[in-house]
Amino acid sequence: MKFASFYRDGALNVGIVDAAAGRVRPVNGVTGMIDLVARYADIKPSIIKEAIIKETIIKETMASGAQDLALGDVRVTAPIPVPRRNIFCVGKNYGEHAREFSNSGFEAGAKKDQAIDEYPAIFSKGPNTVVGPNDNVQLHSGITSSVDYEAELAVIIGKPGRNIAKKDAYGHVFGYTIVNDVTARDRQKNHKQWFIGKTLDTFCPMGPWITTSDEVDPENLDVKCWVNGELRQNANTRDLIFDIPSLIATISEGMALVPGDIIATGTPAGVGIGFNPPKFLKSGDVVAIEIAGLGRIENRFVGDAD
Ligand code: MG
């Protein structure tokens, strides 16, 4: 199933998406996407969970008389428009990208021939960064001149847990979505810690919706990114250095993950700093990202006056 957050008549709704038909059916009885995820997250095993989700939500929507709406008649926003806490992110998680970043001159403290790390680099982006799948992204040209894109598969945590074992990790996943981990490369480099270069307002386009874990194989998804129609990134999640169970196990060590937590799993090669000279984004550029089975996001980058 696919669950979207969307605005209709100024109110935020959650709905079940029929992507092929271009329709969305509002889900009643939940206060938002995090509530929906939390309510259905602890039912297991997953195959039963999915059946119960469908049955419960269909009953609720049928009982309330909810009507299908055309996706074109609503404004789809990020599936989790305001995360409860920072988005967990992973750096250098595809081999080719790790090398292009290490060689770009934009990685503080980079060591020659040591592009692949022994442990995953974990950082975060604030909830302030999240915008919808078709919203504009601000270039913040007064403070950075090196805005870059990063197409990524994002994991949505369902069942809460701490010290989650790798073998149990997928049982804690509710579903998946797409994010663009937009980055100000100069700030990422100059401040050594990546946070300040990653967390500018609007720097995390997300969506278009959450696809539940039963619908996709997260270890075999094509990830593609275009800038103004030019294919820049083209990879598959099978090439992740640290796979999803490893990331969940690492991040949950000593820290409970909760429903609605988001983990961006890292970007493949082909970002702007992978080119010589680098290809940074400028006003009017459009970045589109597709991940097989998850949909497409497309965001225009705009100057401060736009
Ligand atoms: Mg990233």
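Along the sequence shown, the residues carry numbers beginning at 1. Because the structure is a prediction, the values reported are computed rather than measured. As the structure lists them, so they are numbered: ligands from 1, and atoms in each ligand from 1.
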Is it true that [X] and [Y] have a side-chain N and a carboxylate O under 4.0 angstrom from each other?
X	Y	result
D261	R85	yes
D18	R23	no
E107	K192	no

- Query: Quick one: does N180's side chain have a donor or acceptor within less than 3.5 Å of a partner on E150's backbone?
  - Reply: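 Yes; judged by distance alone, with no hydrogens or angles, the pair exists.
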Could you pull out every donor-acceptor pair under 3.5 Å between side chains of residues 70-78 and any protein atom, sequence neighbours left out?
none

- Message: Does either side chain, that of N299 or that of N136, offer a donor lying less than 3.5 Å from an acceptor on the other one?
- Response: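 On atom types as modelled, these side chains do not qualify, holding no pair under 3.5 Å.
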- Check which protein N, O or S atoms are less than 2.8 Å from the Mg ion (ligand 1) and report how many there are. 3
